[in-house]
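Order of listing sets the numbers, starting from 1, for every ligand and every atom in it. This structure is a prediction, so every number in the text was calculated from the model and none was measured.
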Amino acid sequence: MKAAELFVKCLENEGVEYIFGIPGEENLDIMDALLDSPIQFVITRHEQGAAFMADVYGRLTGKAGVCLSTLGPGATNLVTGVADANMDHAPLVAIAGQAGTNRLHKESHQVLDLIDIFQPITKYASQILEPEIIPEIVRKAFKLAQTEKMGACFIDFPENIAAMEIDDVPLRAQFPTMPEPPADRVEAAAQVISAARNPIILAGNGVVRAGASGELTAFAEWLNIPVANTFMAKGVIPFKHPMALGSAGLQARDYVSCGFDRADVIICVGYDLVEYHPHLWHPTRDRKIVHIDTCPAEVDACYVLEVGVVGNIKLSLTRIAAQATPHQGHLLRPLRQALSDEMRQHRADENFPLKPQKIIWDLRTALGLEDIVICDVGAHKMWMARMFRCEHPNTCIISNGFASMGIAVPGAIAARLAAPQRAVVAVTGDAGFLMNSQEIETAMRIGTPIVILVWTDNAYGLIGWKQMNNFNRVSNIRFNNPDFIKYAESFGAKGYRVQHAHELLPILHEALAANTVSIIDCPVDYGENLKLTEKLGEMICPI
Ligand SMILES: Cc1ncc(C[n+]2csc(CCOP(=O)(O)OP(=O)(O)O)c2C)c(N)n1
C-alpha cells in the first residue's frame, strides 16, 4: 500500500472519527486515502477553525481531536488553535502536508521548517522521514497527546514519502494507567488536612481530564471542605452542592478571595498554574499547600508545597478522605450565598441593552443542565465564568490558559459532533465572533445545529474595561458590525435581534428548538463591568 494509506490506517487504529481541516497540494495522497476510510473529513473554511474544532473535540471526549492542513500558510494558520490546546492541556494531533524531502534544504515554494514552528507549542513534533516509521510516529503522537498532562502533538508528512510503497500495520494502541499515589504521601496529606483549621479546595481542569469530579465531590462532602473551581473546572462539583463556592479566576478580588484569605491549608486538585496564577490567590505565601495531581507541581514562589501527592487523582482523593478527619465546613457558606444572591439580582431586569447578569440568567433558564456552552474570550467570559451555574463538568468550556478569542463558533460545531444529543450554544463577543464566523458555512453544510449568542457592544469590551480601570479612558477599542440578521441569512442560517430585555428568553427557546444554526444579536450593557469592579473593590468580606 501507499505510505499515506498506512498513515490513515494508523489514525483509524487510534479511534479517530473526524479530521477537521483544509486540503492542499502537498497532502493529495492523504486526502485520497481518506476516501477509503470510515474517518469523516470535516472541511473547514480556515485552518484556525479546524484547530479549534480539534481542541474542543479533545476537551469533551478525552480523545485527541485531529486537524489537518497543507504546508506553509495552511500550517501557520493552525498555530493559534494548536497552541490553545497545548496550553489548556487538551489532547490534539495536528497534521500538515510538507514539500518533498528533495526540496526541504533550500528556499522553496511555501516551505517553512514546521517542526521549528510547532515544537514550542506542542509536546512532540516529528517529521515522517521514511514510511517505515509511520506506525511509531502516529502512536507516539496520540499517546503523548492523551497522556497527562495532555496537550498537542504535531506530525509533518512530506509528500514524496506519502506516495511511497510500504507493507506494514499500525502498532497496538495502548493507554498508560496513572500510577497509584504513594502511601506515605497520602498519609502526610491526610495529616495536614486533619490538622487544618480552615481548609479550602482549589479544583482545576485536571479533575475534569481525570474524570474525577465524583470523587472530588465525595471528598469535599465527607471532609466538609468547601471547593472553589477554576474557570476551566466549572461543574467539577455541582453548584447546587452546599460545599461549592463557585469559580475563582478574576484578576480582581471576589467573594471567593475571602475564603483563600481565611484558609490555613489550600488543597489544590488537578490545578494547572496557567489557569489562575497563584500570586492572585496566595500572595502572602504563608499557607500550607497540598498538591494533588497527576504530575509534580510547577515551580512558583507562591506555590511552594507542604505535601505533594502525585498519581491517579481519583485514588488520591479517595484514600486521603479515608484517612483524614472531617471538618465543620460552615464558615464559608456566606460566600456562596453572596454569589448566589448576585446571580439572581437582575434576573427580571427590564433595562435595554441587557445586563450581563440578565443574559446569563436567561441562558441558564433556557438550557438543560447537560447542555454545552462554549465560551469565547472577552468581558463576556468573565461574567460567564463567575455567574453561569454548572452542575456537571465540561458543560461550560472556557479557554483560560492560552485564552484565545475565536474558539467559540468552531468549538460549538465540534461539541455538537461530539455530543449530538445535547444542545450547544456558543457565547461570544462581537469581536471574537467575526474572527471565525466563516465556520457558520461549515455548520450549515455538515448539519450541526448550534446557537450563537453574540453579546454586542461594538467594541473590544474586556480591553475597554481594563483601560478604564487603569487609566479612566479608552483607547482604540470601537468598531462597527455587519447586520447580524442579514449575515445569518446569507449563510442560510436564522438571525434574531433582541430589542427588549424580555425578548431574549423566548428567542433562546425558539433558537434551541430549531434544527439549524441560529445567531442571536444581543446588545449588552457593559456599564456593569465598572460597577462590578467598584463593588468588588469596596467589598467587605461577608465572613
Ligand atoms: C486572538 C486574540 N486576540 C486578542 C486577544 C486580546 N483580547 C482579549 S479579550 C479582547 C476583546 C474581546 O472583545 P469581544 O469579542 O467583543 O468580547 P467582549 O470583551 O466585548 O465581551 C481582546 C482583544 C485575545 N485574547 N485573543
Peer 1: Could you check whether the rings of Phe154 and Phe118 sit parallel, tilted or perpendicular, using 30° and 60° as the cut-offs?
Peer 2: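 Aromatic pair Phe154/Phe118 classed parallel.
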Peer 1: With heavy atoms of Asp457 as the reference, note each atom of ligand 1 found under 4.0 Å away.
Peer 2: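 Numbered from 1, ligand 1 contributes 20 (O).
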Peer 1: Charged N to carboxylate O below 4.0 Å: is that the case for Lys381 and Asp376?
Peer 2: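 Here Lys381 does not pair with Asp376 in a salt bridge, since their nearest N and O are not under 4.0 Å apart.
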Peer 1: Hey, does Ala459 come in under 3.5 Å of ligand 1, counting only N/O atoms on both sides?
Peer 2: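 The answer is yes, given that Ala459 and ligand 1 share an N or O pair closer than 3.5 Å.
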Peer 1: Regarding Lys149 and Asp293, does a basic nitrogen lie under 4.0 Å from an acidic carboxylate oxygen?
Peer 2: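 Here Lys149 pairs with Asp293 in a salt bridge, since their nearest N and O are under 4.0 Å apart.
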Peer 1: Looking only at non-hydrogen atoms, which of Tyr460, Phe433, Trp383 approaches atom 13 (O) of ligand 1 most closely?
Peer 2: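 Answer by nearest heavy atom: Tyr460.
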Peer 1: Applying side-chain hydrogen bond (donor to acceptor under 3.5 Å, both in side chains) to Trp465 and Thr533, what does each step give before you reach the verdict?
Peer 2: CA-CA 9 Å; Trp465 187 356; Thr533 307; 2.7 Å; yes
Peer 1: Please state which protein non-hydrogen atom is closest to atom 25 (N) of ligand 1 and give its distance, to 0.1 Å?
Peer 2: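 Among all protein heavy atoms, the one nearest atom 25 (N) of ligand 1 is Ala403 O, 3.0 Å.
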Peer 1: In terms of atom number and element, which parts of ligand 1 are under 4.0 angstrom from non-hydrogen atoms of Gly461?
Peer 2: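 Result: 13 (O), 18 (P), 19 (O), 20 (O).
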Peer 1: Would you say the side-chain atoms of Asn458 and Asn480 include a donor-acceptor pair closer than 3.5 Å?
Peer 2: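 Not at all, the side chains of Asn458 and Asn480 share no donor-acceptor pair under 3.5 Å.
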Peer 1: In sequence, state the C-alpha distance, the side-chain angles, and the governing distance for Asn400 and Glu275, and then conclude on side-chain hydrogen bond (donor to acceptor under 3.5 Å, both in side chains).
Peer 2: CA-CA 6 Å; Asn400 205 42; Glu275 298 184 67; over 6 Å; no
Peer 1: Report yes if Gly432 has an N/O atom closer than 3.5 Å to an N/O atom of ligand 1; otherwise report no.
Peer 2: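 Between Gly432 and ligand 1, an N or O pair is found under 3.5 Å apart.
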Peer 1: Should Asp371 and Arg364 be marked as a salt bridge (Lys or Arg N to Asp or Glu O under 4.0 Å) after you check the CA-CA gap, both sets of side-chain angles, and the distance that decides it?
Peer 2: CA-CA 10 Å; Asp371 291 337; Arg364 185 65 282 175; over 6 Å; no
Peer 1: Below 4.0 angstrom from a heavy atom of Ala431, which ligand 1 atoms are there? Numbered from 1 as shown, please.
Peer 2: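 Atoms satisfying the 4.0 Å criterion: 13 (O), 14 (P), 15 (O), 16 (O).
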Peer 1: If you measure every N or O of Phe479 against every N or O of ligand 1, does any of those distances drop under 3.5 Å?
Peer 2: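 Between Phe479 and ligand 1 (N or O atoms, distance only) the closest approach is not under 3.5 Å.
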Peer 1: Is the shortest N/O to N/O distance between Leu462 and ligand 1 below 3.5 Å?
Peer 2: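 Yes: some nitrogen or oxygen of Leu462 is under 3.5 Å from one in ligand 1.
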Peer 1: Quick one: are the Cys390 and Cys396 sulfurs under 2.5 Å apart?
Peer 2: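 No, no disulfide: SG-SG not under 2.5 Å.
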Peer 1: Look at atom 5 (C) of ligand 1 and find which of Met382, Met405, Gln48, Met384 reaches it with the closest heavy atom.
Peer 2: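 It is Met405 that holds the nearest heavy atom.
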Peer 1: Look only at interatomic distance and state if His380 has a nitrogen or oxygen under 3.5 Å from any nitrogen or oxygen of ligand 1.
Peer 2: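 Yes, since at least one N or O of His380 sits under 3.5 Å from an N or O of ligand 1.
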Peer 1: One residue to check: Trp465. Relative to ligand 1, which of side chain, backbone, both or neither has a non-hydrogen atom less than 4.0 Å away?
Peer 2: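 For Trp465, no heavy atom sits under 4.0 Å from ligand 1.
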Peer 1: Look at ligand 1 and say whether Tyr526 reaches it with a heavy atom at a distance under 4.0 Å.
Peer 2: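 Yes.
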Peer 1: Could you see which bit of Ile463 sits under 4.0 Å from ligand 1, with heavy atoms only: side chain, backbone, both or neither?
Peer 2: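 Near ligand 1, Ile463 shows its side chain, while the N, CA, C and O stay back.
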Peer 1: How far is atom 16 (O) of ligand 1 from the closest protein heavy atom, and which atom is that?
Peer 2: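 The closest one turns out to be Asp430 OD1, 2.8 Å.
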Peer 1: Check for me whether Arg389 meets the cation-pi criterion with Trp361, that is, NZ or CZ under 6.0 Å from the six-membered ring centre and within 45 degrees of the ring axis.
Peer 2: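 Yes, Arg389 lies over the aromatic ring of Trp361.
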Peer 1: Less than 6.0 Å separating the ring centroids of Phe142 and Tyr124?
Peer 2: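 For Phe142 and Tyr124, the ring centres are not under 6.0 Å apart.
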